[in-house]
Amino acid sequence: MRLANVSGRLVILTADDRGVDVATVSDGRFGPDPMSAYAEWDAFTSWASGLDLASAPQVDVARADLGAPVPRPGQVLAIGLNYRAHAIESGAQIPGRPVVFTKFVSSITGPDTEVVLSDGDVDWEVELVVVIGREARGVSRDDAWAYVAGLTVGNDVSDRARQFADPAGQWSMGKSFPGYGPTGPWLVTLDEVADPDDLRVVCEVDGAVVQDSRSSDLIFSVPELIEDLSAGLTLLPGDLVFTGTPSGVALGRPDKPYLRPGQQVRTWIEGIGDLHQTFIARP
Ligand code: ZN
């Protein structure tokens, strides 16, 4: 199942440009707010599995109307330095335990946006984003996938000057400027993904591939992240986990080609979809 936020309404997609409006078809049991599905994920998926999608009334879905598949997550966890080559290019040690920070919720947007560049050095980071579907506390890695509603694509846009400012760095501030958390274009449930532990993750800047890796190269896999995070805090339905970015960011390149006004970034993950950001100067 693919779930989209279409102008603020929850839609189960039957094609990239068509779908079933959940509030209409469920007679108001679920939706229209996309968050309603995550709040009752088991009940929602149970209801949805009994739907005859082909014969249900269809609505047109315009790409421009897509919003964040999880528009108001309660928490946004993000993992730093979770690919070996990226840790090395960042001049950091290989972490022995996940490096955790937050992207503040106000940074989260939909898939196709214009993003105003902040004053610092702005960088791209393709990331596989996990959406939590069940409250998780003290979950073992063996059980972890059962707590996941699905996957989406994210770009952990980062202002490196702010992120690494003395004396202690400000990772969360450097990664939470308005629009610095594009997500989407929809949520894909795990049954539709060939191998959720091994997906190609790619970022392109003005059509040139700058990052190209696989989620199987994560230092801490998705199940290991859920085990570690849920040992320390309670994960809630609808929470997002940005799982980390592979090598190829501007920070790791000799010429440090940080984003400039007018540049276009495409972020995509195999089997899920793509995001498009145009970066613009502050008006
Ligand atoms: Zn990141």
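We count ligands from 1, going down the list as the structure has it; atoms in each ligand are counted the same way. Numbering of residues begins at 1 and proceeds along the displayed sequence. Note that these values count all heavy atoms, side chains included, but never hydrogens, waters or copies made by symmetry. Quantities reported herein were computed from a predicted structural model and do not represent experimental measurements.
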Practice prompt. Run the salt-bridge test on D17 and R63 with the 4.0 Å N-O cut-off and return the result as yes or no.
Written response: no

Worksheet item: Are T189 and D191 close enough, and set up right, to give a side chain to side chain donor-acceptor pair (under 3.5 Å), and what steps lead you there?
Response: CA-CA 6 Å; T189 52; D191 55 300; 2.6 Å; yes

Discussion item. Per the salt bridge (charged side-chain N to carboxylate O under 4.0 Å, His left out) rule, what does the pair list look like for residues 93-107, sequence neighbours excluded?
Written reply: R97-D228, K103-D156

Worksheet item: Who are the side chain to side chain contact (heavy atoms under 4.5 Å, CB included) partners of P32, not counting sequence neighbours?
Response: R9, A23

Worksheet entry | N-O pairing of D121 and K256 below 4.0 Å | no

Discussion item. Using the side chain to side chain contact (heavy atoms under 4.5 Å, CB included) criterion, which residues pair with D166? Sequence neighbours excluded.
Written reply: none

Response to the item:
Protein N/O/S atoms closer than 2.8 Å to the Zn ion (ligand 1) number 3

